[in-house]
Enquirer: 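Before we start, here is the structure in question, set down as structure tokens.
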Amino acid sequence: MKKEDTPHGTVGSILPRISPFLDMSETRPKLPPVALKQSLFRVSPPEMVFQNFVAHEVSEMALSFMNKDKISGMVKVCMESSPYFELACPSDVYHIVPPGASARVRIRFTPDEIKDYSHELVCMTAKERIVVPIRAIGAKAILEFPDHLDFLKCPVKYSTQKTLLVRNTGNLEAHYQLSTQSPFFVVPATGTLGAGDSMQVTVGFHPLTNGDHFGSLVACCNTGEERIHTKLHGEAVDLNLGLSTSSVEVEKTFITMSNHTTVFIENRSNITAHFQWKTFLDEEDENEVKRRQCNSLRVPSEVWVETSMEEEKIRKVKGFCKDRIGILKSVVEEEVAKVQQDPMLFSDEVFFIEPLEGEIGPHCSAEIKVTFKPLEALKYQSMAYCNISGRESRMTLRLKGEGQGPLLEFSCPSLNLGKILVDTLHVYEVKLINQGAIDAPFTYIPSTRKGFCFKFAPEEGIIAPGGIQTIQISFNATVLGMFEEEFQFSVAGSPTPAILTIRGCVAGPTLHFNVDELSFGDISFGFPYTKSFRLTNTCPVPVTFKLRMLDDDTQPAVNSCDQIHSDSDPSGTEGIHFFPEPREFTMNPMQGTILPQGHRDIKVTMCSKTVMEFCRKMLVDLEGIGEGVASLTITASWT
């Protein structure tokens with residue numbers, strides 16, 4: 001269909017200029033002015049355009065004035081003198097127009113050649129002045145476009161194109177500029193088309209969202225006037241594209257090593273799809289990141305001012321002429337441009353995708369390799385998003401993997417030492433094995449528990465994959481009793497140490513009395529009695545002992561005869577009275593050392609100071625081991 005300019009519907013034409021005008025006639029009372037938009041006369045057409053004229057031939061066009069007021073109005077029509085345009089009626093003549101009626105005037109146009117002309121007609125009423133533009137278009141370029149172009153259903157994020165054959169049916173070469181609105185585009189956007197010539201114009205549809213999209217193809221030719229030639233429509237839909245899985249979990253992988261798995265992008269449509277793996281879920285998130293990066297690159301204006309002032313000082317002092325500010329701004333602009341052009345493809349420290357972008361033919365699939373390279377012995381999780389033509393939203397792929405540090409274990413997780421002698425050195429051996437595929441550096445973590453002296457040799461080292469390290473354990477305990485303790489060897493690169501549990505029982509030296517009980521039988525008050533026993537050391541180490549009676553006093557023992565004959569003791573005249581309180585038991589020797597498998601004969605002298613039945617314990621304290629490690633019961637009765 002051919003579309004041409006018409007006098008009544010030209011887009012971009014100049015409308016009549018209307019302004020208040022009161023000084024017109026003395027015969028009619030003056031009325032107050034009105035707003036321009038409330039004009040009481042309607043001019044038709046608003047612009048007079050002569051077209052398709054012939055040189056030296058007269059053309060005429062009528063102009064009408066309609067009175068919208070409720071009373072009659074007067075209109076004076078005038079036009080400046082012109083060799084090409086003239087009024088068919090006398091100029092400066094008043095026309096009386098009844099309410100609702102119209103007055104018509106005719107304009108004659110006589111060109112002397114085929115070219116563009118312009119003039120204007122002035123209409124004056126009692127209240128306003130109306131200027132009507134007059135144009136004559138000698139030659140014109142007319143581009144022929146269809147009224148509608150429908151793309152029907154098209155894949156989203158995919159370019160669908162249609163070719164139009166455009167002809168210049170006018171009589172002037174067309175210097176055109178074509179434009180449209182997203183998601184439509186046109187190629188070529190500018191150019192030149194001779195009168196009567198034709199060309200191919202490609203109109204494309206590249207929607208980013210699903211649903212109906214509308215637009216228009218607009219052309220500007222020669223005079224710069226815009227004309228809507230073609231209405232555009234297209235419906236965007238998702239195609240049958242997808243991932244073989246939405247989540248992948250790579251097998252546990254040793255740090256410094258890599259492992260991989262594969263996924264597939266399946267194209268079950270009839271188009272060739274282009275894909276890109278992205279870091280962000282949508283374009284909005286990408287743009288926000290780019291915006292922050294650009295803001296961080298740009299220098300605040302006050303910094304430019306300060307730098308510029310400093311620059312001026314340098315120029316004055318040293319004659320420095322190099323424009324450092326300009327260079328710095330240029331560098332920043334280049335960096336900002338790089339950020340804005342960055343496709344923001346997927347990037348991660350431990351997960352890698354190959355290929356990051358590519359094409360998939362119709363009814364084909366693309367194999368995607370996902371590689372996992374853990375940096376630490378941790379569980380990792382990331383998200384990758386596949387932006388693919390034919391689908392509005394990006395497809396999500398969840399990535400999982402776990403890093404494995406060096407795998408170091410003891411040949412036996414626990415060691416039972418059984419019953420061992422206190423303060424005696426014991427030596428054991430265990431094996432530390434590297435069960436993994438990478439070197440395992442280890443370090444012993446010293447124990448903070450007191451009383452149990454464990455030493456490990458070596459305390460640190462590196463075990464190759466599959467290697468074995470013998471660990472020697474030296475143990476010397478000074479605390480009696482049961483024990484169980486965990487010993488840890490930290491492994492570089494592994495959050496879990498190698499643990500060895502050691503348990504056992506620390507027992508003191510074994511002493512043997514040759515009697516079960518030391519009985520003094522019947523005794524008398526204040527008289528000493530002596531008994532003896534043998535103490536044998538049955539353990540393989542010497543022991544140093546000290547004997548003491550439970551609940552005995554601390555002063556030397558005194559018998560009754562010595563007490564009575566003592567002049568210095570008041571009890572000699574006042575009766576038997578022990579003060580201060582003497583001991584009732586004396587051991588000889590009271591302390592000493594017994595060699596391994598040796599013995600000592602001990603004499604115990606008892607001198608009673610109380611009238612009672614005796615049943616007491618004699619305790620044996622061992623130096624460096626403990627108190628009361630052995631005991632012997634002593635009994636006696638009064639006669």
Enquirer: Would you say the side chain of Val370 lies within less than 4.5 Å of the side chain of Thr262, judging by non-hydrogen atoms?
Expert: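 Counting from C-beta outward, Thr262 and Val370 never come under 4.5 Å.
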
Enquirer: We want to know whether Asn240 and Ser269 form a side-chain donor-acceptor pair, criterion being a heavy-atom distance below 3.5 angstrom.
Expert: no

Enquirer: To the nearest 0.5 Å, what is the distance between OG1 (Thr586) and CE (Met549)?
Expert: 10.5 Å

Enquirer: With rounding to the nearest 0.5 angstrom, report the OH to OG distance, Tyr428 to Ser474.
Expert: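 The distance works out to 10.5 Å.
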
Enquirer: Using distance only, find each side-chain donor-acceptor pair of residues 432-444 under 3.5 Å and give its atom names and separation, not counting sequence neighbours.
Expert:
residue: Asn434; atom: OD1; partner: Gly436; partner atom: N; Å: 2.9
residue: Asn434; atom: ND2; partner: Ile438; partner atom: O; Å: 2.9
residue: Asn434; atom: ND2; partner: Ile463; partner atom: O; Å: 2.9
residue: Asn434; atom: ND2; partner: Ala464; partner atom: O; Å: 3.1
residue: Tyr444; atom: OH; partner: Ser447; partner atom: N; Å: 3.4

Enquirer: Does the side chain of Ile523 come within less than 4.5 Å of Phe614's, by heavy atoms?
Expert: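 Yes - at least one pair of side-chain heavy atoms lies under 4.5 Å apart.
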
Enquirer: Between Arg548, Lys546, Gln591, which is the residue that forms a side-chain hydrogen bond (donor to acceptor under 3.5 Å, both in side chains) with Asp621?
Expert: Arg548

Enquirer: For Asp516 and Phe533, what are the C-alpha separation, side-chain angles and deciding distance, and is it a side-chain contact (heavy atoms from CB on, under 4.5 Å)?
Expert: CA-CA 10 Å; Asp516 296 332; Phe533 66 91; over 6 Å; no

Enquirer: Any chance you could measure Leu595, atom CG, to Asn537, atom CG, to the nearest 0.5 Å?
Expert: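 Interatomic distance, Leu595 CG to Asn537 CG, rounded to 0.5 Å: 8.0 Å.
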
Enquirer: Do you see a donor-acceptor pair shorter than 3.5 Å between the side chains of Thr605 and Thr530?
Expert: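 Short answer, yes.
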
Enquirer: Would you call Leu500 and Ile502 a side-chain contact if the rule is heavy atoms closer than 4.5 Å?
Expert: yes

Enquirer: Could you check Leu511 against Thr538 for side-chain contact (heavy atoms from CB on, under 4.5 Å), going step by step and ending with a plain yes or no?
Expert: CA-CA 6 Å; Leu511 301 176; Thr538 60; over 6 Å; no

Enquirer: Flag the pair Leu375 / Val350 as yes when at least one side-chain heavy-atom distance between them is below 4.5 Å, and no otherwise.
Expert: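 Touching, per the 4.5 Å side-chain cut-off.
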
Enquirer: Atom CD1 of Ile602 and atom CG of Leu518: how far apart are they, to the nearest 0.5 Å?
Expert: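 Reported to 0.5 Å precision, the distance equals 11.5 Å.
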
Enquirer: Rounded to the nearest 0.5 Å, how far does CG of Leu356 lie from SG of Cys386?
Expert: 10.5 Å

Enquirer: Within a strict 4.5 Å, meaning less than it, do heavy atoms of the Val604 and Phe585 side chains meet?
Expert: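 Side-chain contact under 4.5 Å: yes.
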
Enquirer: What closest approach, in Å, do Arg391 and Asp238 show between heavy atoms, and which atom pair accounts for it?
Expert: CA-OD1, 3.0 Å

Enquirer: Crowded around Glu613 CD? As in, over 12 foreign heavy atoms under 6.0 Å?
Expert: yes

Enquirer: Do Glu357 and Leu345 come within less than 4.5 Å of each other through their side chains, counting heavy atoms only?
Expert: yes

Enquirer: How long is the span from the CD atom in Glu288 to the CD atom in Gln293, to the nearest 0.5 Å?
Expert: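 CD of Gln293 is found 10.5 Å from CD of Glu288.
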
Enquirer: Mind checking whether Phe351 and Lys373 have side chains closer than 4.5 Å, heavy atoms only?
Expert: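 Sidechains of Lys373 and Phe351: no contact.
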
Enquirer: Is Ser244 reaching over with its side chain to a backbone N or O of Phe264, donor-acceptor style, under 3.5 angstrom?
Expert: yes

Enquirer: Would you say that Arg534 contacts Arg600 through its side chain, given a criterion of any heavy-atom pair below 4.5 Å between the two side chains?
Expert: no

Enquirer: Looking only at heavy atoms, what is the nearest atom pair of Phe513 and Ser631, with distance?
Expert: CE1-O, 3.4 Å

Enquirer: For Tyr529 together with Phe520, are the ring centres under 6.0 Å from each other?
Expert: no

Enquirer: So which heavy atom on Arg616 is nearest to which on Leu550, and how close?
Expert: CD-O, 3.9 Å

Enquirer: Would you call Arg394 and Glu286 a salt bridge, using N to O less than 4.0 angstrom?
Expert: yes

Enquirer: I would like to know whether Ser532 and Asp601 meet side-chain hydrogen bond (donor to acceptor under 3.5 Å, both in side chains); could you show each step before the answer?
Expert: CA-CA 7 Å; Ser532 61; Asp601 290 328; over 6 Å; no

Enquirer: Checking Thr279 against Ser347: is there a side-chain donor and acceptor pair closer than 3.5 Å?
Expert: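 There is no such pair between these side chains.
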
Enquirer: Which heavy atom of Ile594 sits nearest to which heavy atom of His599, and what is that distance?
Expert: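 The pair with the smallest heavy-atom distance is CG2-N, 3.6 Å.
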
Enquirer: Verify side-chain contact (heavy atoms from CB on, under 4.5 Å) between Val336 and Val332, making sure each step is shown before the conclusion.
Expert: CA-CA 6 Å; Val336 169; Val332 171; 4.2 Å; yes

Enquirer: Which pairs, with at least one residue in residues 486-510 and sequence neighbours excluded, count as a salt bridge (charged side-chain N to carboxylate O under 4.0 Å, His left out)?
Expert: Glu484-Arg503

Enquirer: Would you find a donor on one side and an acceptor on the other, under 3.5 Å apart, between the side chain of Ser389 and the backbone of Ala273?
Expert: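 No, the answer is negative, given that no donor and acceptor are paired below the 3.5 Å cut-off.
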
Enquirer: With a 3.5 Å distance limit and no angle check, can you tell me whether Ser494 reaches the backbone of Val491 through a side-chain donor-acceptor pair?
Expert: no

Enquirer: In a table with atom names and distances, give each donor-acceptor pair under 3.5 Å that connects a side chain of residues 399-418 to protein atoms at least two apart or in another chain.
Expert:
residue: Ser411; atom: OG; partner: Lys431; partner atom: N; Å: 3.3
residue: Ser411; atom: OG; partner: Lys431; partner atom: O; Å: 3.4
residue: Asn416; atom: OD1; partner: Gly418; partner atom: N; Å: 3.0

Enquirer: Do you know which two heavy atoms are closest between Val250 and Thr261, and how far apart they sit?
Expert: CG2-CG2, 4.0 Å

Enquirer: Please verify the inter-ring angle class for Phe487 with Phe456; under 30° counts as parallel, over 60° as perpendicular, anything in between as tilted.
Expert: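 The arrangement is tilted - the two ring planes meet at 30° to 60°.
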
Enquirer: Any sub-3.5 Å donor-acceptor pair from Asn267's side-chain atoms to Cys364's backbone N or O?
Expert: no

Enquirer: Using modelled atom types only, decide if a donor and an acceptor are shared between the side chain of Asn259 and the backbone of Thr253 within a distance under 3.5 Å.
Expert: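 Side chain of Asn259 to backbone of Thr253, a donor-acceptor pair under 3.5 Å: no, none is there.
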
Enquirer: Is it the case that over 12 heavy atoms from other parts of the model lie below 6.0 angstrom from the CD atom of Glu517?
Expert: yes

Enquirer: List the atom of Gly628, the atom of Leu619, and the distance in Å for their closest heavy-atom pair.
Expert: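 That closest heavy-atom pairing would be CA-CB, 4.3 Å.
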
Enquirer: With a cut-off of 6.0 Å (strictly less than), are more than 12 heavy atoms of other residues, nucleotides or ligands near CD of Glu283?
Expert: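 Check fails, neighbour count at 12 or below.
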
Enquirer: Please confirm whether the backbone N or O of Asp342 pairs with a side-chain atom of Lys290, one donor and one acceptor, at under 3.5 Å?
Expert: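 Yes, the answer is positive, given that a donor and an acceptor are paired below the 3.5 Å cut-off.
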
Enquirer: Between Asp348 and Ser382, do the side chains contain a donor N or O and an acceptor N or O under 3.5 Å apart?
Expert: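 Side chains of Ser382 and Asp348: pair found under 3.5 Å.
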
Enquirer: Any donor-acceptor pair under 3.5 Å linking the side chain of Glu392 with the backbone of Thr209?
Expert: no

Enquirer: Between Val427 and Gln472, does the side-chain contact (heavy atoms from CB on, under 4.5 Å) criterion hold? Intermediate values first, please.
Expert: CA-CA 7 Å; Val427 179; Gln472 190 178 75; 3.7 Å; yes

Enquirer: For a quick check under 3.5 Å, do Lys157 and Asn387 share a side-chain donor-acceptor pair by atom type?
Expert: yes

